[in-house]
Amino acid sequence: MKYYSTNKQAPAVSYEEAVVRGLAPDKGLYFPERIEALPKGLIGNGKPFHEIAFEVAKRFVDGEIPSAKLQEIVEQTLNFPLPIVEVESDVYSLELWHGPTCAFKDVGARYLSRNLSYFVRNENKEVTILVATSGDTGSAVASGFLGVEGIKVVILYPKGKVSEIQEKQLTTMGQNISALEVNGTFDDCQAMVKLAFNDAELRSKMNLSSANSINVARFMPQSFYYFWAYEQLNDKKKALAFSIPSGNFGNLTAGMFAKRMGLPVDKFVASTNANDVVPEFLQTGIFRPRPSVSTISNAMDIGDPSNFARIQELYNNNLEAIRNDMVGYAFSDDDSRNAMRKVYQELNYVMDPHGAIAYAGLKKWMHENGGQGIFLETAHPAKFGDVVEPAIEAKVQVPERLQEYLKREKKALLIGNTFAELKAVLLG
Ligand SMILES: *Cc1c(COP(=O)(O)O)cnc(C)c1O
């Protein structure tokens, strides 16, 4: 099966090429020519998670990775629990933070790294992945690629602009992961990485690749856990909504792919912070990207959501069809804090500021429409302790795997914010 670009100005490519390239040459996102439904018996019949995930993966990889290898990749990706927890009657939290870096991005990063590693297995040159990060993405990518053969990862992060725990996650991995602490901003880091990809000398001397979130192999595996969440529900007949705390909308779009493959979902709730480009689009029909504003749910501070192009493609640009499957609500920082406090005080459940927005969105939908709902808890609350603790007026337990990072010694090379310095480091 081929993957075409959502901008339709570049040739369709194999799955392998879509994964290795990341973004299409016309800057579009790769999109599969077909989305096949799963056989009926696979959904809601008590099948094991790995079996369902493998059946989903198979339909997108379409033979380009041998079955046994793909099975292994799926099992290595999903080697931690992804449980639903009933927070109150008919309201479930899908806890996506049980992975190594305590955020849902672990799923996409682990799957992508193993896909890439397979595709570059016959290259004689090591592949170097360059990532600029403002925090969360870098640690998931670093952990996802840790120890993966044939691949080296270089992370650029802005000095003094990530939390202590995030910095430790970026700088203490060792093995094939190294960190560059850039004396500058996140935008500087991103600009330096872009220049590296466009530098002919670097490209001739090194195999450079990216682990950007628009990569099909980072986006697609996120559909696995929608099926698994459904599998865990006691009542599979009652109307079901999923509420997704959204920034670039990769997570939500993966849910819509799951629905297209046969998962019975009545509604997707696009829950955002003040960066409300998509809720506004659903209201007005006008897509108006704009600069992002800062909020306490900073992983969703995105003013031009990249996966919007995939949503449009999935629905053939039909606004009514999109509205049929999806509603959108935006919430303020105070709404997020209030949700964290209320759910902690009344239900004894601790949410992070992103999951809190998803909870608020789900409650709003269910208030008007009933049924049951699942909100996606995308990060462990301890990753945002400085926001969560004052909101709930209690301490947040830091999981052992996060505490481990804090004990390790930071190893990073401090560089200036110019491409010349990055290039010198890369060329050794
Ligand atoms: C990245 C991220 C999101 C947003 O996910 P998208 O797929 O970009 O919409 C939400 N919550 C957390 C904690 C994240 O790290």
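Hydrogens, waters and symmetry mates are skipped; everything else that's a heavy atom, side chains included, is used.
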Can you establish whether the number of heavy atoms outside Asn45 located under 6.0 Å from its atom CG is more than 12? yes

For Ala211, does its backbone N or O pair with a side-chain atom of Arg218 as donor and acceptor, under 3.5 Å? yes

More than 12 foreign heavy atoms under 6.0 Å from CD of Glu368: is that the case here? yes

Is it the case that the side chain of Gln169 and the backbone of Ser139 share a donor-acceptor pair, with hydrogens and angles ignored and the cut-off at 3.5 Å? no

Using every non-hydrogen atom in the two residues, find where Ala57 and Tyr111 come nearest and quote the distance to one decimal. CB-OH, 3.5 Å

Please say whether more than 12 non-hydrogen atoms of neighbouring residues, nucleotides or ligands are located less than 6.0 Å from CD in Glu33. yes

Where does the angle between the aromatic ring planes of His380 and Trp97 fall among parallel (under 30°), tilted (30 to 60°) and perpendicular (over 60°)? perpendicular

Give the C-alpha distance, both sets of side-chain angles, the deciding distance and a yes or no for side chain to side chain donor-acceptor pair (under 3.5 Å) between Thr295 and Asp301. CA-CA 7 Å; Thr295 73; Asp301 291 350; 2.7 Å; yes

Has Glu377 got a side-chain atom pairing as donor or acceptor with Asp352's backbone, closer than 3.5 angstrom? yes

Side chains of Val19 and Leu116: closer than 4.5 Å at any heavy-atom pair? yes

Is it true that a side-chain atom of Gln312 and a backbone atom of Asn316 form a donor plus acceptor pair closer than 3.5 Å? no

CD (Glu88) with more than 12 external heavy atoms under 6.0 Å: yes

Is the number of heavy atoms from other residues, nucleotides or ligands within 6.0 Å of CD (Gln232) greater than 12? yes

Any Lys/Arg nitrogen of Glu55 or Arg59 sitting under 4.0 Å from an Asp/Glu carboxylate oxygen of the other? yes

Heavy-atom nearest pair, Pro245 first then Met300, reads CB-SD, 3.6 Å

Flag side-chain contact, heavy atom, 4.5 Å: Pro279 against Tyr329: no

Answer whether the closest heavy-atom distance between the side chains of Lys267 and Val327 falls below 4.5 Å. yes

Using side-chain hydrogen bond (donor to acceptor under 3.5 Å, both in side chains) as the criterion, point out the one residue from Thr101, Asn79, Thr77 that pairs with Arg110. Asn79

Counting neighbours of NZ on Lys236 that are heavy atoms of other residues, nucleotides or ligands and sit closer than 6.0 Å, is the number greater than 12? yes

Check the pair Lys8 / Glu313 against salt bridge (charged side-chain N to carboxylate O under 4.0 Å, His left out), numbers first and verdict last. CA-CA 11 Å; Lys8 318 225 163 78; Glu313 193 61 35; 3.0 Å; yes

Once side chain to side chain donor-acceptor pair (under 3.5 Å) is applied, do any residues pair with Asp26, and if so which ones, sequence neighbours excluded? Ser5

Return the minimal non-hydrogen interatomic distance between Ala270 and Met326, and the atom names on each side. CB-CE, 3.8 Å

Among Lys407, Arg401, Arg408, find the residue that satisfies the salt bridge (Lys or Arg N to Asp or Glu O under 4.0 Å) test when tested with Glu404. Lys407

Determine whether Met192 and Leu180 satisfy the following criterion, side chain to side chain contact (heavy atoms under 4.5 Å, CB included), listing intermediate values before the conclusion. CA-CA 12 Å; Met192 290 159 76; Leu180 299 176; over 6 Å; no

Give a yes or no answer on whether the side chain of Thr172 reaches the backbone of Lys168 with a donor-acceptor pair at less than 3.5 Å. yes

Is there a salt bridge (charged side-chain N to carboxylate O under 4.0 Å, His left out) between Arg290 and Asp276 once you walk through the steps? CA-CA 10 Å; Arg290 46 192 179 263; Asp276 62 348; 2.7 Å; yes

If you apply the rule side chain to side chain contact (heavy atoms under 4.5 Å, CB included), what do you find for Val91 with Leu347, and how did you get there? CA-CA 11 Å; Val91 174; Leu347 306 165; over 6 Å; no

Dump the intermediate steps for side chain to side chain contact (heavy atoms under 4.5 Å, CB included) on Asp335 and Ile357, then the final yes or no. CA-CA 8 Å; Asp335 293 333; Ile357 283 184; over 6 Å; no

Is it true that Lys259 and Asp266 make a salt bridge, defined as a side-chain N closer than 4.0 Å to a carboxylate O? no

Can you list the steps and then say if Tyr3 with Asp62 is a side chain to side chain donor-acceptor pair (under 3.5 Å)? CA-CA 11 Å; Tyr3 283 74; Asp62 199 28; over 6 Å; no

Give me the one residue out of Thr378, Asn275, Asn273, Thr272 that meets side-chain hydrogen bond (donor to acceptor under 3.5 Å, both in side chains) with Ser297. Asn273

Side-chain touch Ile151/Ser113, heavy atoms, less than 4.5 angstrom: no

Expected output: side-chain Gln76 to main-chain Arg114 donor-acceptor under 3.5 Å: no

Do Asn307 and Thr253 have side-chain N/O donor and acceptor atoms under 3.5 Å apart? no

For Tyr359, run the ring pair (Phe, Tyr, Trp, His ring centres under 6.0 Å) check against Phe375, Tyr349, Tyr344 and tell me which one passes. Phe375

Could you tell me whether the side chain of Glu231 and the main chain of Gly44 form a donor-acceptor pair under 3.5 Å? yes

Side chain to side chain donor-acceptor pair (under 3.5 Å) with Gln166: which residues, sequence neighbours excluded? Asp136, Ser163

Residue pair Phe257 / Tyr226, side-chain heavy-atom distance below 4.5 Å: no

If I compare all heavy atoms of Leu82 with all of Leu94, which pair ends up nearest, and what's the gap? O-CD1, 3.7 Å

Would you indicate whether Lys152, at its atom NZ, is surrounded by more than 12 heavy atoms from other residues, nucleotides or ligands within a distance under 6.0 Å? no

Do Arg323 and Tyr315 form a cation-pi contact, if we require the NZ or CZ to be under 6.0 Å from the six-membered ring centre and within 45 degrees of the ring's axis? no

Taking atom NZ as the centre, does Lys194 end up with more than 12 heavy-atom neighbours from other residues, nucleotides or ligands that are less than 6.0 angstrom away? no

Whether the side chain of Gln222 engages the backbone of Asn251 through a donor-acceptor N/O pair (distance < 3.5 Å, no angle test) should be reported. yes

For residues Ser336 and Asp333, is any side-chain donor paired with an opposing acceptor at under 3.5 Å? no

Once the angle between the rings of Phe308 and Phe287 is folded into 0 to 90°, is it parallel (under 30°), tilted (30 to 60°) or perpendicular (over 60°)? parallel

Do Trp365 and Ser243 come within less than 4.5 Å of each other through their side chains, counting heavy atoms only? no

Which is it for His354 and Leu376 under the side chain to side chain contact (heavy atoms under 4.5 Å, CB included) test, yes or no, and what are the steps along the way? CA-CA 9 Å; His354 306 78; Leu376 275 51; over 6 Å; no

Does the side chain of Leu146 reach to within under 4.5 Å of the side chain of Asn176, using non-hydrogen atoms? yes

Would you check if Val107 and Phe80 make a side-chain contact, meaning some heavy-atom pair closer than 4.5 Å? yes

If I compare all heavy atoms of Lys105 with all of Ala299, which pair ends up nearest, and what's the gap? NZ-CB, 4.5 Å

Provide the closest heavy-atom pair for Ser14 versus Lys2 in the form atom of the first, atom of the second, distance. N-CD, 4.4 Å

Can you see whether Tyr118 has Arg121 sitting over its ring - NZ or CZ less than 6.0 Å from the centre and within 45° of the normal? yes

Within 45° of the ring axis of Phe219 and under 6.0 Å from its six-membered ring centre, is that where the NZ or CZ of Arg310 lies? yes

